[in-house]
K.L.:
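Mind having a look at this structure? Questions to follow.
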Number of protein chains: 2
Amino acid sequence: MNRVPPAAEPVAGKPSRREQILAAAAELFARHGFHGVGIDDIGSAVGISGPALYRHFRSKDAMLGEMLTSISEVLLDGGQARVDAASGPEKTLGDLVRFHVDFALDNPALITVQERNLGNLTDPDRRKVRALQRRYVETWVEVIRAAVPAAGEPTARAAAHAVFGLINSTPHSRHLDRDQMADLLTGMAMAALVQLSDRVH
Amino acid sequence: MNRVPPAAEPVAGKPSRREQILAAAAELFARHGFHGVGIDDIGSAVGISGPALYRHFRSKDAMLGEMLTSISEVLLDGGQARVDAASGPEKTLGDLVRFHVDFALDNPALITVQERNLGNLTDPDRRKVRALQRRYVETWVEVIRAAVPAAGEPTARAAAHAVFGLINSTPHSRHLDRDQMADLLTGMAMAALVQLSDRVH
DNA sequence: CAGGCACGTTAGCGGGCGCTAACTTGCCGA
DNA sequence: TCGGCAAGTTAGCGCCCGCTAACGTGCCTG
C-alpha cells in the first residue's frame with residue numbers, strides 16, 4: 001500500500017516525464033513563441049509523438065500555466081528566503097540581485113518564456129501568475145527602499161522592473177562565461193540601484 | 001505628370017494607410033505575439049476588414065518584416081548621428097543612452113515586438129534585421145570602449161545587451177511619468193556602465 | 001497468472017487562419 | 001463624360017493545429 005502519488009513529483013531526483021516535457025516545451029516556447037509551437041513539436045522533442053502528451057497534461061495551455069506558475073513560485077520563495085536571512089539593507093539587496101542573476105543564468109529558457117508569454121495564459125492562470133509576480137516585485141521594492149531610503153515607492157518599483165530587464169537580458173547575449181557574466185550583471189545592477197540615492201526624489 | 005509614387009511614403013506628414021496599419025499591427029503583435037494575431041484582428045483595428053490589408057502588404061510576414069526593418073534602421077541611423085556629433089567619449093555615451101531611452105519610451109509597442117518576434121521573421125528578413133542590429137550594437141561597443149577603456153570587447157558587448165534590457169523594460173512598468181522615467185533609466189544605465197571601469201577586465 | 005493501469009500509438013474531427021477570387025464603388029484626369 | 005485605378009467588400013479554398021477516440025503493450029501486483 002501507500003504507492004507513490006500518480007500525478008505528483010517523484011520521490012527522488014529523477015527528472016520525471018512531466019518535468020522533462022516542461023523543459024523541452026520551455027525551450028521551444030522561448031524560441032518560437034507559444035503559438036509558434038505545435039503539440040507534435042513538443043512531443044518529438046522528448047521522443048514521443050503528439051497526442052501522447054495528453055497522458056501528462058490536460059492541455060497545451062496547462063503546460064504553459066504550470067511552467068509559469070512554478071517559475072513565479074521559485075522566484076518568490078527564493079526572494080523571501082534571502083530577505084528572511086537579513087543581514088543589513090545593502091547586503092540583503094546584494095543577495096537578492098545575486099539570486100535573480102543566478103536564476104536567470106541557469107534558466108534562460110524559462111526567463112524568456114515568462115517575459116514573452118504571459119499574455120498567452122488562460123485568465124485564471126494569468127491571475128495566479130500575476131499575483132505571485134506582484135508579491136515578488138513587492139519584496140524587491142521593500143528591500144530597495146531599505147537600502148536606498150531616498151527613493152520613493154514609484155521610483156523603487158520602476159527601478160526594480162528596470163533591473164529585471166537588465167538581468168533577464170542574459171539569454172540574448174552569451175559572450176562571457178557563466179561566472180564572468182554573473183559578476184558583470186550583478187555589478188551593473190548594484191551600480192544602477194545605489195545611484196538612486198544621488199537623485200532628487 | 002509626376003504623380004506621387006503609388007507605394008512609397010507620402011510627400012507630407014500624413015500617416016498614410018500603410019503606417020497606420022503598421023502601428024495597429026505593432027500594438028497587437030506586442031500584446032498577443034505574431035501568431036496570436038489574425039489578419040482580421042489587424043484589419044478591424046484600422047476600421048477595414050481582413051483581406052483588404054492585401055491592398056497594402058504582400059503578406060502578414062511582410063508586415064512584420066517591414067516593421068522590424070524600419071525600427072532597426074531608425075535605431076542605427078539615430079545612433080550613428082549621435083556618434084558623428086561626437087563631443088567627448090563620456091558625453092557621446094550619454095547621448096547614445098538618452099537617444100535609446102527616448103525611442104523606447106515613445107515607441108513601447110515597437111520595442112516589444114522587436115524583442116519578442118525576431119524569430120517569426122522569414123529567413124531573408126531576419127538576416128537583414130540581424131545585420132542592422134549587429135551594426136547598432138557595434139556602435140555601442142565602440143562608444144562604451146572609448147568611454148570606459150578598462151572594458152574588454154566581450155565585456156562591452158555583454159554590457160550593451162544588458163543596458164538594452166534595462167532600457168527596453170520600460171513597456172512593462174508605467175509608474176512614473178515620461179520625463180521622470182527617462183531620467184531614471186538614463187541614470188541607471190549610465191551608472192551601470194561607468195562602474196565597468198572599477199572591475200578587472 | 002490474470003487483471004489493471006501507465007504510457008504510448010495512429011486516425012480523424014472541427015475549427016480557425018492566411019490568402020485568393022470575384023465583384024463593387026468612388027475619385028480623378030484626359 | 002467616361003475609362004481606369006486605388007481601395008474596399010464577401011465567399012470560400014486548403015491547410016494546419018489542438019484534441020479525442022480507439023486501440024496496443026508491457027510491467028507490477030494481488
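Only heavy atoms go into these numbers, but all of them, side chains included; no hydrogens, no water, no symmetry mates.
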K.L.:
Roughly how many Å is it from CG in Asp41(A) to C1' in dC16(D), rounded to a whole number?
P.N.:
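Rounded to whole Å, this separation is 11 Å.
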K.L.:
At under 4.0 Å between heavy atoms, what does Val46(A) touch on the DNA or RNA strands: base, sugar-phosphate, or nothing?
P.N.:
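Touches nothing.
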K.L.:
Just compare dG8(C), dT9(D), dT20(C) and give me whichever is closest to any side-chain atom of Ile48(B).
P.N.:
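Looking only at side-chain atoms, Ile48(B) lies closest to dT9(D).
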K.L.:
Which label fits Phe164(B) and Trp140(B): parallel for a plane angle under 30°, tilted from 30 to 60°, or perpendicular past 60°?
P.N.:
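The rings of Phe164(B) and Trp140(B) stand perpendicular, inter-plane angle above 60°.
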K.L.:
Both Asp61(B) and Arg55(B) contact DNA chain C. Taking the nearest nucleotide for each, which residue is further toward the 5' end?
P.N.:
Asp61(B)
K.L.:
For Gln195(B) and Ala191(A), which heavy atoms make the closest approach, and how far apart are they?
P.N.:
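Looking at all heavy atoms of both residues, the shortest contact is CG-CB, 3.2 Å.
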K.L.:
Return the nearest nucleotide to the side chain of Ala52(B); candidates are dT20(C), dT9(D), dG18(C).
P.N.:
dT9(D)
K.L.:
How far apart are the C-alpha atoms of Asp77(A) and Arg135(A), what are their side-chain angles, what is the distance that settles it, and do they pass the salt bridge (charged side-chain N to carboxylate O under 4.0 Å, His left out) test?
P.N.:
CA-CA 10 Å; Asp77(A) 291 352; Arg135(A) 291 175 58 199; over 6 Å; no
K.L.:
Quickly work out the Leu53(B) CG to dG8(D) C1' distance and round it to whole Å.
P.N.:
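It is 11 Å, rounded to the nearest whole Å.
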K.L.:
Strictly below 4.0 Å, N to O, side chains only: are Arg126(A) and Asp123(A) in salt-bridge contact?
P.N.:
yes
K.L.:
Can you tell me if His56(B) touches the phosphate of dG8(D), counting only side-chain N or O atoms and a distance under 4.0 Å to OP1 or OP2?
P.N.:
yes
K.L.:
At under 4.0 Å, does any side-chain N or O of Arg17(B) touch on OP1 or OP2 of dA6(D)?
P.N.:
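Result: no.
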K.L.:
Rounding to a whole Å, what distance do you find between Tyr54(A):OH and dT10(C):P?
P.N.:
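Going from Tyr54(A) (OH) to dT10(C) (P), I get 16 Å.
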K.L.:
What's the CG-P distance between Leu28(B) and dG18(C), to the nearest Å?
P.N.:
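One finds 12 Å between P of dG18(C) and CG of Leu28(B), rounded.
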K.L.:
Whole angstrom is fine here: how far is it from NZ in Lys60(A) over to C1' in dG16(C)?
P.N.:
13 Å
K.L.:
Choosing from dC19(D), dT10(D), dG18(C), which nucleotide comes nearest the side chain of Pro51(B)?
P.N.:
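Nearest to the side chain of Pro51(B) among the choices is dT10(D).
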K.L.:
Write down the distance between CD1 (Ile39(A)) and C1' (dG15(C)), rounded to a whole number of angstrom.
P.N.:
16 Å
K.L.:
Rounded to whole angstroms, how far apart are CZ on Phe29(A) and C1' on dC17(D)?
P.N.:
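Rounded to whole Å, this separation is 13 Å.
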K.L.:
In this structure, how many angstroms lie between the P atom of dG8(D) and the CZ atom of Phe57(B), rounded?
P.N.:
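Atom-to-atom, Phe57(B) to dG8(D), this comes out as 12 Å.
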K.L.:
Going by the angle between their ring planes, with limits at 30° and 60°, are Tyr136(B) and His100(B) parallel, tilted or perpendicular?
P.N.:
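Ring orientation of Tyr136(B) relative to His100(B): parallel.
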K.L.:
Ser49(B) side chain: which of dT9(D), dT9(C), dC19(C) is closest?
P.N.:
dT9(D)
